[in-house]
Amino acid sequence: MMSAINRIYSLQQSKHSWAVLLRLNQSKSQSSTRQTLSPLFLGLVILFSTFTIHAEDQPQSQPTVNTQASSSLTYVGTDVCIDCHENEYKEWQGSDHDMAMRHADTESVLGNFNNAELVSNGKTNRFFKKGTDYWANIADAEGKFNDYKISYTFGFKPLQQYMVEFEDGRIQLIPFAWDSRPKADGGQRWFNLYPDMKKTDEFFWTNTGQNWNFMCADCHSTNLKKNYDKATDTYNTSWFEINVGCEACHGAASEHMAWTEKQNTTTLHTGFDRDLGLAVKEWVYQEGKTTLQPKSITPTDQIKVCAQCHSRRMQLNEDANHVKDKFLDRYMLSMITPELYEDDGQIFDEDYVLGSFLQSKMHDKGVVCSNCHNPHTTELKIPKEAVCNQCHIASEYTAEKHTFHEAGTDGAQCTSCHMPQTTYMQVDPRRDHSWQVPRPDLSKNIGTPNVCTSCHEDKDTGWADKQVGKWFPNSPYRNKAHFANAFYAADLGYQNAGDSLSYIAQDIKQSDIIRASALQRLERYPSRNSVVALARAVKNDNEMIRLGAVQGSAPYPFSQRWQIIEKLLTDSVLAVRAEAAGALASSWQEMTPVQREKLTAPLQDYIDIQNFNADRGFGRTNLGNIYLAQGLYEQAEKEYLGAISVEPNFANSYANLADLYRGQGRDKDTITTLQQGMKAQPNSALLPYSAGLAMFRQKNQSETIRYLQLATEIDANNPQYWYVYGLAVESNNVSEAGKSLEKAYNLSGNPQHLFALCDLQVRNKSPSASVCISQLEKIAPQEAVKQLKAKMK
């Protein structure tokens with residue numbers, strides 16, 4: 001009789017998607033269930049989706065080449081601007097932009113380098129001077145203390161960081177920062193930003209997470225060129241100005257200077273390639289509204305300019321014009337994911353504003369950054385108490401009518417309830433820019449944070465919800481349906497989450513970034529409703545939504561996925577067509593010559609992006625995946641080894657290299673690679689999981705179980721690990737197998753996992769089998785239930 005885990009490898013896909021052929025996914029730690037749909041159904045959905053919501057149509061377009069307004073534009077430097085823009089220059093001096101990065105000298109360094117000491121984790125770190133140079137004596141990755149010269153300062157308030165330059169061109173941020181707040185506020189001290197960081201962690205100070213060239217440089221300097229040499233793994237990074245100067249936002253000013261020399265002030269075009277003006281020139285009162293409304297909204301480039309730095313994103317290149325074209329031509333914006341945001345869109349990790357702002361009504365109404373902020377000082381342009389009253393009619397938002405907190409207190413401030421703060425880097429509070437209405441009713445149901453109980457720590461969400469209901473009995477928000485419920489259900493693996501996500505993805509009342517994020521989450525929920533949502537998304541005018549469709553199409557077999565996203569291969573936006581090509585390229589061996597030809601140009605775009613990011617493990621691993629799919633094994637191996645070399649703690653490179661060796665029958669190399677990876681990155685559950693499967697192939701039962709159990713211990717919330725561990729341990733411990741399969745089902749809600757549990761109980765004549773089958777009948781195809789009932793006879 002076939003063993004339980006062996007059935008994983010023998011099962012073939014059925015029309016009910018019950019069987020999953022377990023294989024190591026090239027880019028994720030969890031295999032996907034592929035949904036097979038009728039070709040006729042799929043074709044009709046794609047054909048007629050354009051007629052169901054006309055506003056979603058998007059004409060077919062060809063890739064465009066991004067260029068600046070003029071190829072002759074060159075940088076001239078901030079000093080050239082002073083004569084004509086003296087006031088703006090004075091405002092800029094000493095601002096966050098001015099102090100973004102500086103050479104370490106007496107004017108820039110705020111920290112105490114007068115033989116100061118900081119004891120951290122029982123070890124003494126010293127900060128001192130040698131002549132005019134600043135130095136730190138701190139430990140390297142091996143724990144050895146060395147003297148490092150501080151070359152640059154980074155920021156200045158509420159903390160200042162310091163950077164060390166190495167011979168290979170790498171510039172790294174040391175883990176110790178200076179708290180520049182006043183002493184009365186707890187500042188004027190050295191502190192360890194990452195006291196719990198280990199050398200295997202991405203953000204250990206000598207690792208890639210603290211590498212300035214990749215992580216920080218593009219935002220903290222003007223006209224930055226990374227200049228990474230893949231062949232030698234070195235940098236020759238350059239900038240025009242070390243900090244964020246005038247041209248970082250306004251663009252290269254050579255033509256502007258030529259315009260000033262003509263003294264022709266009647267010409268509207270001033271020589272810049274962008275418009276940084278307000279989108280709304282006039283706000284007007286409308287009867288029945290408590291806020292002023294935009295008289296009209298005109299296009300402006302301001303948000304895209306600010307977004308370059310004030311967003312969580314990945315850089316795609318240094319050449320595309322993200323200002324005059326699309327932001328996604330140069331940057332890949334992070335969506336609203338569980339790793340970065342709460343399920344209701346509130347900030348969780350460091351999100352740098354844009355992802356929050358795009359969710360807001362402010363953005364929808366045409367508000368831009370400079371409506372509230374002075375871009376030169378980087379501070380609010382008027383006192384905080386007055387900023388909101390520019391549009392919100394003050395008489396309608398008094399303590400008596402709206403805040404219900406005593407006037408003048410923190411609770412009466414607009415920002416306290418609608419822009420809650422989260423403190424990052426221990427001392428740096430940042431406000432949420434999604435301007436959400438407090439929803440303690442959501443907190444009650446799905447556990448999202450709310451400002452009421454974050455302030456009133458002695459109260460619970462039930463109290464807060466009742467209080468809000470008392471204050472706003474006719475509120476259109478309280479108990480209103482919210483996308484957070486769908487996102488929460490998807491996080492927990494509820495089977496009906498796919499339908500809810502599909503609805504959110506097609507709801508034009510939702511912000512584009514929320515719709516795009518819903519589409520991304522559909523990758524775990526293939527269904528007919530999902531296909532409808534994806535088919536409409538690829539025709540949408542918004543590039544984020546089209547991009548979301550690429551990831552959302554992941555669970556479908558190649559023939560169906562091609563039908564869904566093939567249109568995006570000629571998308572006008574780089575990120576969309578490149579991601580579509582990268583997604584489809586994994587099925588290279590299934591493609592016809594015509595399909596491969598169509599993939600050629602956008603796939604080169606994808607490859608160019610990975611080469612630009614070849615200083616990180618993910619860039620080289622993605623290249624290895626492409627070459628592996630194409631059968632170019634030597635090139636794939638070279639890229640995977642390169643990924644391990646540049647980023648030893650990146651787990652996926654080991655897993656994918658091991659998978660390549662497995663396919664070549666190099667079992668010894670497979671195990672050696674995975675063991676090397678587990679040593680380099682002990683926090684990865686993917687590596688012991690892969691090792692467990694490798695040991696199973698070698699018929700080493702005890703090592704199979706040991707590694708799979710380790711995977712469940714490292715990532716106890718991954719249902720796939722519990723599922724496979726349960727199947728593997730059955731021959732040794734039926735009770736343990738049952739608990740593991742039950743755990744897998746409770747985490748995923750996947751009928752396949754419940755089927756495996758019921759099958760286990762039936763085969764082992766458990767008295768719980770009947771109860772299990774009764775539960776299965778509610779969610780599984782009748783054919784599967786009949787099979788189990790037949791075994792009980």
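Both backbone and side-chain heavy atoms feed into the values below; hydrogens, waters and symmetry mates do not.
No salt bridge links K743 with E736; every basic N to acidic carboxylate O contact stays at or beyond 4.0 Å. Salt bridge annotation for K739-E742: absent, with no cationic side-chain nitrogen under 4.0 angstrom from a carboxylate oxygen.
Minimum interatomic distance between P555 and E523 (heavy atoms only, all atoms of both residues): CG-O, 3.2 Å. For the pair A636 and L660, the tightest heavy-atom approach, listed with the atom from each and the gap, is CB-CD1, 3.6 Å. Nearest approach of P175 to I138, heavy atoms of both residues: CD-CD1, 4.1 Å. Taking each heavy atom of A177 and L159 in turn, the nearest pair found is CB-CD1, 3.9 Å. Listed here is the closest heavy atom pair of L687 and A655: CD2-N, 3.8 Å. Closest approach of Y331 and R313 over heavy atoms only: CE2-NH2, 3.3 Å.
Listed for the T673 side chain is a donor-acceptor partner under 3.5 Å among the backbone atoms of D669. The backbone N or O of N649 sits less than 3.5 Å from a side-chain atom of Q681, completing a donor-acceptor pair. For the pair R697 (side chain) and R662 (backbone), a donor-acceptor distance under 3.5 Å is absent. Counting only distance, with no hydrogens or angles, the side chain of D201 and the backbone of K198 share a donor-acceptor pair below 3.5 Å. Without hydrogens or angle criteria, E318 side chain to K226 main chain gives a donor-acceptor distance under 3.5 Å. Not a single donor-acceptor pair under 3.5 Å links the side chain of Q315 to the backbone N or O of R330. Remark: side-chain polar atoms of N317 are not paired, donor with acceptor, to backbone N or O of F612 under 3.5 angstrom. In terms of modelled atom types and a separation under 3.5 Å, the side chain of W205 and the main chain of A139 share a donor-acceptor contact. Checking side-chain atoms of Y424 against main-chain N and O of D349 turns up a donor-acceptor pair under 3.5 Å. No donor-acceptor pair closer than 3.5 Å links the side chain of Y640 to the backbone N or O of Q635.
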Legend entry - Candidate pair K149 and V164, rule side-chain contact (heavy atoms from CB on, under 4.5 Å), full reasoning: CA-CA 6 Å; K149 179 183 176 182; V164 171; over 6 Å; no
Inset, instruction - Check the pair E637, Y661 against side-chain hydrogen bond (donor to acceptor under 3.5 Å, both in side chains), reporting the backbone distance first and the verdict last. - result: CA-CA 9 Å; E637 182 180 16; Y661 290 151; 2.8 Å; yes
Inset, instruction - Tell me, with the steps shown, if D615 and Y235 meet side-chain hydrogen bond (donor to acceptor under 3.5 Å, both in side chains). - result: CA-CA 9 Å; D615 49 340; Y235 292 95; 2.6 Å; yes
Inset, instruction - Evaluate side-chain contact (heavy atoms from CB on, under 4.5 Å) for K230 paired with L623, printing each intermediate quantity in order. - result: CA-CA 13 Å; K230 183 181 177 182; L623 287 171; 3.5 Å; yes
Inset, instruction - Please report the C-alpha distance between S702 and T704 in whole Å, then the side-chain angles of each, then the deciding distance to 0.1 Å, and finally whether the side-chain contact (heavy atoms from CB on, under 4.5 Å) criterion is met. - result: CA-CA 5 Å; S702 61; T704 295; over 6 Å; no
Inset, instruction - Report the C-alpha distance between L599 and M591 in whole Å, list the side-chain angles of each, state the deciding distance to 0.1 Å, and finish with yes or no for side-chain contact (heavy atoms from CB on, under 4.5 Å). - result: CA-CA 10 Å; L599 200 67; M591 292 183 187; 3.4 Å; yes
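For the residue pair Y148 and N137, no side-chain donor N or O sits within less than 3.5 Å of a side-chain acceptor on the partner. With 3.5 Å as the limit, one finds no donor-acceptor pair spanning the side chains of E639 and T621. One side chain, R666 or Q664, offers a donor N or O that lies under 3.5 Å from an acceptor on the other. For the 3.5 Å distance criterion, the side chains of Y194 and Q210 qualify, holding a donor opposite an acceptor. E634 and Y627 share no side-chain donor-acceptor pair at under 3.5 Å.
Pairs passing the salt bridge (Lys or Arg N to Asp or Glu O under 4.0 Å) check and including a residue from residues 616-630, sequence neighbours excluded, read E202-R616, R616-E647.
The closest side-chain heavy-atom distance from N211 to F214 is below 4.5 Å. Under the 4.5 Å side-chain criterion, counting only non-hydrogen atoms from C-beta, L708 is not in contact with P688. Using a 4.5 Å cut-off on side-chain heavy atoms (C-beta onward), L173 and C216 make contact. In this structure, the side chains of I644 and Q676 come closer than 4.5 Å at one or more pairs of heavy atoms. By the 4.5 Å heavy-atom criterion applied to side chains, T712 and Y689 are not counted as neighbours. For the pair Y162 and T153, the minimum side-chain heavy-atom distance is below 4.5 Å. Proximity of L224 to T237: side-chain heavy atoms (C-beta onward) are separated by under 4.5 Å at one or more points. In this structure, the side chains of R430 and T422 stay at 4.5 Å or more apart for every pair of heavy atoms.
The OH atom of Y725 sits 11.0 Å away from atom CG of L741, with the distance rounded to the nearest 0.5 Å. Rounding to the nearest 0.5 angstrom, the gap separating the CE atom in M332 from the CG atom in L316 is 5.5 Å. Residue L340 holds its CG atom at 3.5 Å from OG1 of T337, rounded to the nearest 0.5 Å. In this structure, N125 CG and I174 CD1 are separated by 8.5 Å, a value rounded to the nearest 0.5 Å. Residue Y341 holds its OH atom at 4.0 Å from CG of D351, rounded to the nearest 0.5 Å. For the atom pair CD of Q551 and CZ of R521, the computed distance is 10.0 Å after rounding to the nearest 0.5 Å.
A side chain to side chain donor-acceptor pair (under 3.5 Å) with Y228 holds for exactly one of D233, N213, T234, N236; it is D233. For the side chain to side chain donor-acceptor pair (under 3.5 Å) with S748, the lone residue among Q720, R524, H753 that qualifies is H753.
For Y134 and F113, the ring centers are positioned less than 6.0 Å apart. Taking the ring centroids of H310 and Y352, they lie at or beyond the 6.0 Å cut-off. If you look at W190 and F127, their ring centroids are closer than 6.0 Å.
The environment of NZ in K668 is sparse: at most 12 heavy-atom neighbours from other residues, nucleotides or ligands sit within 6.0 Å. The local environment of CZ in F618 is crowded, with over 12 non-hydrogen atoms from other residues, nucleotides or ligands closer than 6.0 Å.
A cation-pi arrangement is present between R189 and F191 under the rule of less than 6.0 angstrom and at most 45 degrees off the ring axis.
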